[in-house]
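Since the structure is predicted, the reported quantities are computational estimates derived from the model, not experimental observations.
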Amino acid sequence: MNKNKIMLSVLLSGILGASSVYAADGDTSFKWPKGQKAAVSLSYDDALDSQLDHAIPTLNKYGLKGTFYLQLNSPAIDKRLPEWRAAAKKGHELGNHSLFHQCSKSKAGRDWVEPGHDLDKLTVAQMKEQVVLANTVLYAIDGKRERTFTAPCVDKEAGGQNYIDAVKSEFVAIKVESGGVTPDMNKLDPYGVGVAFPTNVTGQQLIDIVKEAAEKGTMANFTFHGVGGDHLSTSVEAHEELIKYLAAHKDIYWVDTFVNEMKYVKANQKK
């Protein structure tokens with residue numbers, strides 16, 4: 001074989017080898033419904049009045065679905081229960097956020113945690129019992145059995161022991177880590193999903209997060225608290241700017257309840 005043929009053979013071999021690598025890479029990319037580039041989870045913690053007053057009307061206005069993690073001792077549950085039922089009938093998810101929003105009081109900045117709600121003082125068995133009971137209460141509200149959970153304060157331990165492992169069989173998925181954009185869908189642990197907690201941000205800052213998810217082909221997880229009021233608040237304007245952007249780009253972003261998104265993710269992950 002002459003030198004020209006040898007060089008051609010080497011070149012073709014390199015091209016074919018590179019093609020097989022790219023094909024393998026393509027095979028590992030995550031495929032979203034209808035060819036979208038990313039999923040976006042719009043979630044809201046603590047069952048707050050401002051969510052009923054501002055967040056749900058905005059979602060309904062633009063035809064998007066959100067997930068509302070209900071802290072079941074919230075006054076907004078007792079006083080406005082028909083509105084939460086109406087939200088569920090509209091297609092929004094009611095998620096589990098525990099009965100009393102138990103968090104670890106020993107951590108920095110946790111002076112606000114009431115002694116009776118101190119996760120450090122509970123056993124795993126006690127916390128599991130309360131989380132399971134919260135599912136029963138939610139069933140009484142919306143009639144649904146499939147549920148997701150956001151651990152209050154993303155704390156994982158009751159009395160110094162991991163309680164997430166004890167409750168995960170009760171849920172489709174759990175948000176319990178920091179980080180709004182998922183790095184790799186195929187490596188995502190459905191019971192250790194990361195989430196961003198926006199507060200005092202602009203609409204553009206929120207949009208930049210979903211754009212990052214689209215670039216990676218993964219998922220953006222938001223958990224808002226107050227919207228135009230209450231605590232850890234995001235302005236009505238910033239929230240609506242994000243919702244309007246997502247509604248205008250449904251070809252790029254799949255926005256659905258967290259339970260629906262995670263059922264899809266679990267069914268389509270490549271292990």
Side-chain angles (χ1 to χ4, degrees), residues 40-81 83-84 86-88 90 92-105 107-114 117 148-155 175-181 193-213 219-247 253 255 257-258:
V40 179
S41 170
L42 300 168
S43 299
Y44 305 79
D45 270 5
D46 297 352
L48 303 174
D49 286 314
S50 65
Q51 295 166 5
L52 290 166
D53 295 336
H54 302 299
I56 290 174
T58 299
L59 290 168
N60 291 343
K61 175 182 176 181
Y62 290 98
L64 299 182
K65 305 305 178 190
T67 298
F68 293 83
Y69 288 101
L70 302 191
Q71 175 186 335
L72 290 169
N73 70 332
S74 166
I77 299 291
D78 178 48
K79 295 177 182 178
R80 304 181 70 174
L81 186 57
E83 293 172 77
W84 293 112
K90 196 74 175 178
H92 302 294
E93 176 189 358
L94 304 185
N96 189 324
H97 201 41
S98 80
L99 293 177
F100 306 115
H101 201 282
Q102 298 94 327
C103 295
S104 171
K105 189 174 178 65
K107 293 186 178 180
R110 297 284 181 80
D111 293 342
W112 55 268
V113 177
E114 297 179 19
H117 298 164
T148 62
F149 179 59
T150 291
C153 302
V154 292
D155 288 343
K175 294 184 179 183
V176 72
E177 301 288 350
S178 298
V181 177
V193 178
V195 60
F197 298 94
T199 181
N200 194 30
V201 294
T202 66
Q204 188 57 54
Q205 287 174 313
L206 296 171
I207 291 168
D208 287 343
I209 292 174
V210 301
K211 286 183 175 179
E212 180 186 345
M219 186 176 194
N221 281 297
F222 295 105
T223 295
F224 297 93
H225 288 80
V227 177
D230 296 312
H231 59 268
L232 299 175
S233 186
T234 298
S235 71
V236 169
E237 294 78 14
H239 178 260
E240 183 164 4
E241 187 176 345
L242 170 65
I243 304 306
K244 184 177 181 180
Y245 175 82
L246 292 170
Y253 302 102
V255 182
T257 60
F258 188 59

| task | Answer with yes or no after comparing the ring centroid distance for His92 and Tyr44 against a 6.0 Å cut-off, counting only values under it. | result | no
| query | Where is the tightest heavy-atom contact between Cys103 and Val113, given as atom of each residue plus distance? | reply | O-CG1, 3.6 Å
| field | Atom of Ala238, atom of Leu206 and distance for their closest heavy-atom approach | value | O-CD1, 3.8 Å
| field | Residues, nucleotides or ligands: over 12 heavy atoms within 6.0 Å of Lys244 NZ | value | no
| request: Check step by step if salt bridge (Lys or Arg N to Asp or Glu O under 4.0 Å) holds for Asp155 and Arg110. | output: CA-CA 12 Å; Asp155 288 343; Arg110 297 284 181 80; 2.8 Å; yes
| Among side-chain atoms of His117 and Asn73, is any donor-acceptor pair under 3.5 angstrom? | no
| message | Within a 6.0 Å radius of atom NZ on Lys107, are there more than 12 heavy atoms belonging to other residues, nucleotides or ligands? | response | yes
| query | So, His225 and Asp230: side-chain donor and acceptor under 3.5 Å apart, yes or no? | reply | no
| remark: One should read off an interatomic distance between Thr150 OG1 and His101 NE2, to the nearest 0.5 angstrom, of 9.5 Å
| request: Starting at CG of Leu59, measure out to NZ of Lys61 and round the result to the nearest 0.5 Å. | output: 11.5 Å
| note | So OG1 of Thr67 and CG of Asp45: to nearest 0.5 Å the spacing works out to 10.5 Å
| message | Looking at every heavy atom in both Gly228 and Val236, which two are closest together, and how far apart are they? | response | CA-CG2, 3.6 Å
| Would you call the rings of Phe224 and Phe222 parallel, tilted or perpendicular, where under 30° means parallel and over 60° means perpendicular? | parallel
| query | At their closest point, which heavy atom of His239 faces which heavy atom of Thr234, and how far apart are they? | reply | N-CG2, 4.1 Å
